[in-house]
Amino acid sequence: MRYETVIGLEVHVQLNTKSKAFCSCSTEFGAEPNSHVCPVCMGLPGSLPVLNAASAEKAVLAGLALGCNIQKVSCFDRKNYFYPDLPKAYQISQMYMPVCLGGGVTIESEDGQTKTINLTRIHIEEDAGKLVHGEGADAEFSFVDLNRSSIPLIEIVSEPELRSASDARLYMQKLRTILLYADVSDCNMEEGSMRCDANISIRPVGQEKFGTRVEIKNMNSFRNVQRAIEYEAKRQEQVLSEGGTIRQETRLWDNNNNITLPMRSKEDAEDYRYYPDPDVLPLVLDDKFINDMKARLPELPDSRRKRFMEDYGLPLDDADLLVSDIKYASYYEEAVKAHNSPKMVANWVMGEVLRVVNDKNCGIYDTNISPASIGELVALIESNKISGKQAKEVFALAVESGKTPATIVKESGMEQVSDTGALEAIVQKVIDESPAESARYRAGEVKLQGFFVGQIMKASQGKANPKLVNDILKKLLS
Amino acid sequence: MDIINLSLPALKKALDDKVLSSLELLEHYLKRIDKYDPQVKAYLHVNTEAARAESKRYDDKRAKGETVPSCAGIPVGLKDLLVTQDMPTTCASKMLEGYYSPFDATVVKNMKALGYIMLGKLNMDQFAMGSSGETSYYQKTCNPWDLSRVPGGSSSGSAAAMAARLAPITIGSDTGGSIRQPAGFCGVTGFKPTYGRVSRYGAVGYASSLDQVGPIAKSAEDVAFIMDALAGRDPLDPTSIVEKPASYVGNLSADLRGMKLGLPDTYLTEHVAPKVKEAVLAALEVYKKLGAEIIDIKMHNVDFGIAVYQIIANAEASSNLAKFDGIEFGHRADTTVLEEVYSSSRGEGFGSEVKKRLILGTYMLQKEQYEEYYVRAMKLRSLIRQEYDKAFSQCDAIIGPTSSTAAFTFGANRSAFEMYLNDLYTVLLNLNGSCGISIPCGFDEFGMPIGLQLQGDMFADQKVLNIAHAFQQATDYHKALPALIEGGL
Amino acid sequence: MSTRMKAEDVKRVANLARIRLTDEEITKYTNDLNDIVEYAETLKCVDISGVQPMVSPLTVAIPLRQDVAQPSLGQKATLQAASQTKNGHFKVPRTIGEG
């Protein structure tokens, strides 16, 4: 029997606010354990939560970027459970009335099809602390660090509309791109600022009814999302083909062994006793708030890609790569602004600049060469001041020194001699110094052109513009 | 000088005029605590040394002619659920034995800024759960009017200390009557401000949508005086939303002309002890003489108020008190099994009444019960609000008894259900969220004080204080002292 | 009418609330809780159709705090009231599953 995989994703994204969701502690990553903690985020008796305006703003920005309906009234609920990383023993979340409903993410599937995956909702919640498991003498213990406790999150819940592991990965990647555009998170999966839980079920192709779903947790990279789903779908097929049944359960992705392992079954599932948090009044957003957020939102990747193709005449692949990161796109546009040669600039950004980004593992604005410099470099090539080969040298020097291409060209005397008068003088001098060769050339021995060009380049210390040299040589020897 | 009967404004004047020093005032109360508290058992902690140092500091400043805060040197007793940095905060529970908070409750901070001296921490029903004061882990506070009787609860220590004049003023908290009921039982004046009027930051939460911090005092005038320190918006409490009013004490007025007081048809029924009914009817006559009009109003939601309250208060408590798990603070059981860190710490740390209420609240919030109980209770709460809104469109305040009886003897009310009925006349106001006050209005056949309750609309705090003040200008019930302390210090 | 709570119901709910009870407590609470639950049953007679739930006495929107980081308690003060700590962390018996 052929099966179809049905996947719904729940993606948790840490919002990049300066302070936590319900208190003023810093959200800075990597601080000493328990140094960014206060009575509120450690749940001390008498403390009360006060919502950070930026959590609401960023949640709405994300919602607008993903085409959601922003809810003018949303409410906060308590999700009650006991765990050492949850100091209040409840998480403030939005169960019943989330801040965003609907919306969607459009992906280009590997088969070239364009699909829109609808979203169910986006809600605001607070993160839990971090547990570190002891080793050696402390192997019996775990250790709690509450620096992460109450950092704002949004949970983005998709409809079960994904049908393959690769689509799931593409969905995650597209989601990340959009959220980076909206500047709501750094979306770093390794650091845990973007986390994904997948609900996976399979059903015979053509069957309407969904199969029993299994929740997979702990996939901390795009690659693992795809691998875990592929594994789990195969596992479920195996179980069914052997006449077994799928248990509704939560499983963990084991990154080392590339398998999913059972964590808890539905019977052990906690009753979270969701109810409206009486300390946190409803979040009420007026039109002005929503319009302000709309104004804060940059042009989004899909529309930017379209514009790059239309306005700059870029091919789809170029436009795709350049809009895949809002910083690439703005870097590119700044470079084009410095020198209006869209395709040539695109080639330099996608080639040399991104190579540096990869080599140095740095941001595109941290490559030591500015967008204006890329524009300048392309301008130098196109005005015949330097050759393409020289341009690569100039680029390398610019990355190394931080100097502008024009300065480098000037300092190193690299500029091509394109002054016809000056070139004619050099050519004439070479002709005068080689009477025998000149006579043979005039007599028809055209292959001697190479000899003359060599001599001219030598005389000009390599700076003569080769195309002009050829023209002048032909003229003076004719 | 008759220190214990001086009103707070008079006390402030005596201090300002240097007729009385801060230290003298403090020592007087410390002596009283030494003498009477072994019987009353109101204090869990007396802040003797720090209070002395602070009082002396203000006296020195005054002597040098330096400016001091407006209420410098007035001692105040705190219910032990207001967290304090330099005194332990236990909520009268084993769970928090020896716990020191790294911060002061906002009301404590505000009072300190005005120069109030923190005299000590007062006993209470454990985690404010109880209405007789008997659930404290540490001691049973006695009613100064008759030591064999309960002081009421949960602000048992605050009311008893006030009645025995073991502080010039005390602070309590009210979730279902926890200020008004013990104030009524102890013959003092207890005020529950409108929800949102006083910061709850640093008041250990019982039921977040019902809790409100407020004073227990000798008189409505003293209540108004200290409300000027307590009220106001606190950026740390998202539900304290109102800016500070000009001055409650400054705007106090006994002029009741044109005022209408509503007497609900369901308030003076057979549930009410005859002497209580008598006292309330007599109070109505006083008000008529003062120019107020008494009108009949209908309040039928009394019938299910207790049940709605039980569901909402306990459900909220079940998650508010979930943080007491022994990990970051509080009692931790001796075990190496994670599940037992939770269940044993909580099993050992919480008292019986607390455990029962947390289990009840947890039960009500379960997925299967949620709609039937919790959501239904929230809807009924809306109906209660509607009924109050209608009542306050007809009258300025609702008048009636604070409790159906005066203080009972220890252990008298046996069944849990009967205990909860103690709150019958007070819980509805917390569900509505508006303000109310209990003032003494007579004595029963055993000589125990009877409380008269005046309930006002949302943010009608000044009006309710004025109506109470008018009564106290015309009567002397609030000036009566228990025999225990009569003619003493 | 409602089904009365039995001892094992109380035990199950107590477990959900993470409260260990003695057998005597279970017996006592079962009776007390049934009294209250029975009383709560009376609410089912009231017509609540079309009534909105009331979560808080306040009908205003949540006040928001500006996104400015302020100093925290510091590690020492954060850990001071905990009974078991180590190397700047709260110490608990080992948890299983997710970290």
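It should be emphasised that the depicted structure is a prediction, and the values quoted were computed from it without experimental measurement. Chain letters run A, B, ... following the sequence lines, proteins first and then strands; every chain starts at 1. What's counted below: heavy atoms across the whole structure, side chains too, no hydrogens, waters or symmetry copies.
- Contact annotation for C:A82: neither backbone nor side-chain heavy atoms come within less than 4.5 Å of a heavy atom of chain A.
- Interface remark: C:T78 contributes backbone and side-chain atoms alike to the contact with chain A (heavy atom separation under 4.5 Å).
- Proximity to chain C is absent for every atom of A:A31, based on heavy atoms less than 4.5 angstrom apart.
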Requested in this report: Decide yes or no on side-chain contact (heavy atoms from CB on, under 4.5 Å) for A:D145 and A:N34, but give the supporting numbers first.
Outcome: CA-CA 5 Å; A:D145 173 8; A:N34 292 306; 3.8 Å; yes
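- A distance of 11.0 Å separates CG of A:L9 from CD of A:E155, quoted to the nearest 0.5 Å.
- The aromatic rings of A:Y274 and A:Y272 sit perpendicular to each other, their planes meeting at more than 60°, with 30° as the lower class boundary.
- Only the side chain of A:L146 comes within contact range of chain C, with at least one heavy atom under 4.5 Å from a heavy atom of that chain.
- Contact of A:C75 with chain C is not made at all, since no heavy-atom distance falls under 4.5 Å.
- For chain C, the option among A:P33, A:C41, A:G134 with the highest count of heavy-atom pairs below 4.5 Å is A:P33.
- In summary, the side chains of A:S93 and A:D77 do not present any donor paired with an acceptor at a separation below 3.5 Å, with no hydrogens or angles considered.
- Contacts of A:V132 with chain C are made by side-chain atoms alone, with heavy-atom separations under 4.5 Å and no backbone atom involved.
- More than 12 heavy atoms of other residues, nucleotides or ligands shown are found within 6.0 angstrom of CD on C:E8.
- By number of non-hydrogen pairs under 4.5 angstrom with chain C, the leading residue of A:V280, A:T17, A:N147 is A:T17.
- Only the side chain of A:P84 comes within contact range of chain C, with at least one heavy atom under 4.5 Å from a heavy atom of that chain.
- Counting only N and O atoms by type, the side chains of A:Q14 and A:S193 include no donor and acceptor under 3.5 Å apart.
- Interface summary for chain C: among A:C38, A:A128, A:A139, the most heavy-atom pairs under 4.5 angstrom belong to A:A139.
- Here the closest heavy-atom approach between residue A:K58 and residue A:D183 is recorded as NZ-O, 2.9 Å.
- More than 12 non-hydrogen atoms from other residues, nucleotides or ligands lie less than 6.0 angstrom from CD of C:Q80.
- Put simply, of A:A56, A:A89, A:P39, A:P278, the one with the most heavy-atom pairs under 4.5 Å next to chain C is A:P39.
- Heavy atoms of C:V92 lying under 4.5 Å from chain A belong to its backbone as well as its side chain.
- Two residues are said to be in side-chain contact when any heavy atoms from C-beta on lie closer than 4.5 Å; C:D9 and C:R12 meet this criterion.
- Of the residues considered (A:D138, A:L285, A:D271, A:L261), A:D138 shows the highest number of contacts with chain C, using heavy-atom pairs under 4.5 Å.
- Residue contact with chain C, scored on non-hydrogen atoms closer than 4.5 Å, involves the backbone of A:F22 exclusively.
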